[in-house]
Amino acid sequence: MNYIEPKTHLAELFRQAVAQVAPDSAVAIELDRPKQASHGDYACNAAMQLARSLKKNPREVAGQIIAALPASERVEKVEIAGPGFINVFLKPVAKQCLVGHVLAAGADYGRSNTGRGEKVQIEFVSANPTGPMHVGHGRGAAFGASLANCMAFAGFQVYREYYVNDAGRQMDILALSTWLRYLELNGEFVAFPGNAYQGDYVKMMAEGIFALHGDRYKRAAVDVGAGVPAAADAPDDHLDALIANAKRLLGPDYDYIHGYALEEQLGDGRNDLTEFGVVFDHWFSERTLHDAGLIDRAVAALQKNGHIYEQDGALWFRSTAFGDEKDRVVKRDNGIYTYFAADIAYHLNKFERGFDKVIDVWGADHHGYIARVKGALQAAGADPDRLIVALVQFAVLWEGGQKKSMSTRSGQYVTLRELRGEVGNDACRFFYVLRKSDQHLDFDLDLAKSQSNENPVYYIQYAHARISRVLQAWGGDVRDLADADVTRLEHVSELALLNRLAEFPEVCASASREMAPHLVAYYLKELAADLHGLYVACQFLVDDEALKQARLALIHATRLALKNGLALLGVSAPDQM
RNA sequence: GCGCUCGUAGCUCAGCUGGAUAGAGUACUCGGCUACGAACCGAGUGGUCGGGAGUUCGAAUCUCUCCGAGCGCACCA
């Protein structure tokens, strides 16, 4: 028998039956998988939904629907239960034939076309290139990458992008920090500001420049500190004055320092993410927005629609007209565009590039920013509903019962690289997506590091490895398993595994639709549990040749689903551990 | 003060668009390897789904309200 997804098949049967019983009704046919096996394989609640409009008892309506249900060779029996559920029991063969389907689909098992080829851009991480990635960025990276994989698997055309904030004040602060450290190497000591970047990586960049160019960028400390207000009174003014002096004293050389620091940090982040299995189709430079005049154009578009006014020498966007609590500055009184203005231009540019849907993965602290950006898009004549913001809550690292706090500026943080080194990429990727994104994540270092049965990622990988070992011990060609007589799969553990296996495509589609890759992680734990259960209940390498083939075909199919699912999460599927 | 997110077993968390007796891991108490890897499996203990009200055949899920937690309310990015 050819495999047909039972849900699709049954939904069609019910649709025909309901059309007879209640021709005018427009209820959507819903089929659930009951939690209890005694409630059958699928349950339909249509009778209860129709009872009111038909003014009949739900159980009576259920009886009529069942009577009108077309016959199917895949259905064992149908019964009325509880307040009016219609429970459907499938014939075993309708489940067993799934095995052949999975083996034929291979790496594509679980793939769907719910995305219909829609072009989606997912922008994620987008951390300022002012220091190493830390564990906070890791969650956005793991989430974004897994979401992108899930959506691609669900039939979307996915484009992964990283927005590089290479134009703002933070980059100037990094350039200044690097230069001050460089001056120290040259014997010129300027008090290092407390609000500059403190990390050792800044010193390493300074040493790098010194090794390449000696004292070429050396300037006298007295000149660097000339006319700078005291740090204690006005730390920000102090920093800005130092930056201004640096630009003046270095002239064109400032661009070199700035560019060096940018390239170093960007390269470091790219390597880090690549090792983490997180790759992008494009790294979009904020600077190019300025250089290409796209910000001028975006602001002009707002202005043309009458949403810009001038006050106190600055240009303001009337975002209160779009639900924001306060109007926002887009161009400061010093003539420099705000980050917000660049972001408007960036998002308009995303739409101009032809994406049907644009997803931003942001840290939860940016939630207040959503209304502003959407308002600006609307004001500029774009459809704000095409922008979807996925907020990811913070990850908090725990070790030995202690919370580890972090701050980029002070240089006190656990880097993503350190975390990966300690717990490994697989456990890291898995733990990051194990919670739904709007839930705070307690990242338990001790648990992630434990190479024991307590660690869920090993539980799943072990299931995969176990299957591989059995197939190795068997020694045959897995391609021959496609011909196995799957009707021999009758054991309760085998049927349970078949049911679970059949859910995989739905899970993948849900993970994409709800932007919830954690659904895949939870599913894989259950799939692994069913496999382990079967492993203990039944022996695979038995003397009965037909039964052996059938069981091997089943676990081979299971291994494919495990591998496909783990791949969505960026976790490896080892053949031995 | 206003806004966003959250509150489920001792702990960490799932629970899909409202469905039947609310689940898993962990911890605790028992039990299972001369079979393909015990990094595994099985059984038990453990709940006023933060409190209250509403919507309906039916609510952990939707609405309102109160309590509590995190985050945000810049001419920063």
Side-chain angles (χ1 to χ4, degrees), chain A residues 28 30 32-36 38-39 43 45 48-49 51-52 57-58 81-85 87 126-128 130 165 167-171 173 236 286 311-316 324-326 328-334 336-340 342-343 363-371 391 393-394 396 398 434-442 444 447 450-456 458-459 461-463 465-467 469-474 493 506-507 509-511 513-514 516 518-519 521-522 525-526 528-529 531-542 548 551-552 555 576-577:
Chain A
E30 291 178 36
D32 288 335
R33 291 174 192 276
K35 290 170 202 156
Q36 271 186 275
S38 63
H39 290 154
N45 63 2
M48 288 180 289
Q49 295 191 313
R52 169 173 273 246
N57 178 311
F85 288 104
N87 292 339
S126 301
N128 285 349
T130 53
N165 303 124
R169 178 168 177 263
Q170 294 305 321
M171 269 310 301
I173 297 175
D236 281 334
E286 180 189 350
Q311 186 182 309
D312 304 332
L315 288 185
W316 296 70
D324 201 0
E325 52 197 17
K326 178 181 181 304
R328 308 290 173 176
V329 171
V330 289
K331 195 172 194 175
R332 302 186 189 106
D333 54 11
N334 63 8
I336 297 174
Y337 284 118
T338 58
Y339 176 86
F340 178 45
D343 233 6
D365 55 335
H366 282 64
H367 64 71
Y369 197 61
I370 300 174
L391 289 179
Q393 292 287 337
F394 292 135
V396 179
W398 291 79
L434 191 54
R435 302 283 171 259
K436 62 180 180 224
S437 56
D438 50 10
Q439 181 77 245
H440 291 266
L441 172 67
D442 284 330
D444 186 337
L447 180 58
S450 74
Q451 306 250 329
S452 74
N453 52 355
E454 292 170 22
N455 197 329
Y458 290 112
Y459 183 81
Q461 290 182 317
Y462 183 49
R466 263 187 150 177
I467 296 169
R469 300 293 275 180
V470 171
L471 292 172
Q472 278 169 27
W474 168 58
S493 294
E506 288 173 48
V507 170
S510 296
R513 188 181 59 244
E514 292 166 38
H518 77 277
L519 294 174
Y522 275 90
K525 287 209 284 189
E526 288 172 344
L531 183 277
H532 289 310
L534 174 63
Y535 191 98
V536 169
C538 300
Q539 196 182 344
F540 305 122
L541 301 177
V542 291
K548 179 168 78 181
R551 285 182 171 163
L552 291 176
I555 64 171
Q576 60 181 30
M577 295 170 67

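Note: hydrogens, waters and symmetry copies are ignored here, and every other heavy atom, side chains too, is used. Convention: sequence-line order gives letters A, B, ...; per-chain numbering from 1.
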Can you name the atoms? Protein N/O to nucleotides 30-34 of chain B N/O, anything below 3.5 Å, with the distance.
none

Q: Measure the CD-OH distance between A:E286 and A:Y337 for me, rounded to the nearest 0.5 Å.
A: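 The CD atom of A:E286 sits 13.0 Å away from the OH atom of A:Y337.
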
(Q) Is there, by distance only and without an angle test, a donor paired with an acceptor across the side chain of A:R466 and the base of B:rG37 below 3.5 Å? (A)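 Check fails, no donor-acceptor contact within cut-off.
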
Q | B:rG1 and B:rG44, which share atom name P, separated by this distance in whole Å | A |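 Between the two P atoms, the distance is 49 Å.
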
Non-hydrogen side-chain atoms of [X] and [Y] separated by less than 4.5 Å:
| X | Y | answer |
| --- | --- | --- |
| A:E514 | A:L519 | yes |
| A:R435 | A:Q393 | no |
| A:V542 | A:R551 | yes |

Answer with base, sugar-phosphate or nothing: what part of the nucleic acid does [X] contact at a heavy-atom distance below 4.0 Å?
| X | result |
| --- | --- |
| A:K436 | sugar-phosphate |
| A:Q439 | sugar-phosphate |
| A:A51 | nothing |

Q: Return no unless some side-chain N or O of A:Y462 is found under 4.0 Å from OP1 or OP2 of B:rA39.
A: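 For A:Y462, the contact criterion (side-chain N or O under 4.0 Å from OP1 or OP2 of B:rA39) is met.
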
**Q.** Presence of A:Y459 side-chain N/O under 4.0 Å of B:rC41 phosphate oxygens OP1/OP2
**A.**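 Yes, such a contact exists.
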
Provide a list of protein-nucleic acid N or O atom pairs under 3.5 angstrom, restricted to nucleotides 16-21 of chain B.
residue, atom, partner, partner atom, Å
B:rC16, O2', A:E514, OE2, 3.0
B:rG19, N7, A:N45, ND2, 2.9
B:rA20, OP2, A:K35, NZ, 3.1
B:rA20, N6, A:N87, OD1, 2.7
B:rA20, N1, A:N87, OD1, 3.3
B:rA20, N1, A:N87, ND2, 3.1
B:rU21, O4, A:Q36, NE2, 3.4

Q. Is there a Watson-Crick or G-U wobble partner for B:rC4 with both distances under 3.5 Å, and if so, which one is it?
A.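 B:rG70 - that is the nucleotide pairing with B:rC4, both distances being under 3.5 Å.
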
Q: Searching all strands shown, indicate the nucleotide that pairs with B:rU55 (Watson-Crick or G-U wobble; both distances under 3.5 Å).
A: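 In the structure as shown, B:rU55 has no Watson-Crick or wobble partner.
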
Q: Mind telling me whether A:Y369 and A:Y339 have parallel, tilted or perpendicular rings, with 30° and 60° as the class edges?
A: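 Judged by the thresholds at 30° and 60°, the geometry between A:Y339 and A:Y369 is tilted.
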
**Q.** Nearest-neighbour nucleotide for the A:E286 side chain, B:rC36, B:rA77, B:rC40 considered
**A.**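 Out of B:rC36, B:rA77, B:rC40, the nucleotide with an atom closest to A:E286's side chain is B:rA77.
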
Atom pairs, N/O to N/O, protein against nucleotides 72-74 of chain B, distance under 3.5 Å?
residue, atom, partner, partner atom, Å
B:rC73, O2', A:E325, OE2, 2.5

(Q) I want to verify the glycosidic state of B:rC33; is it syn or anti under the 90° rule? (A)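 Chi for B:rC33 falls in the syn range.
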
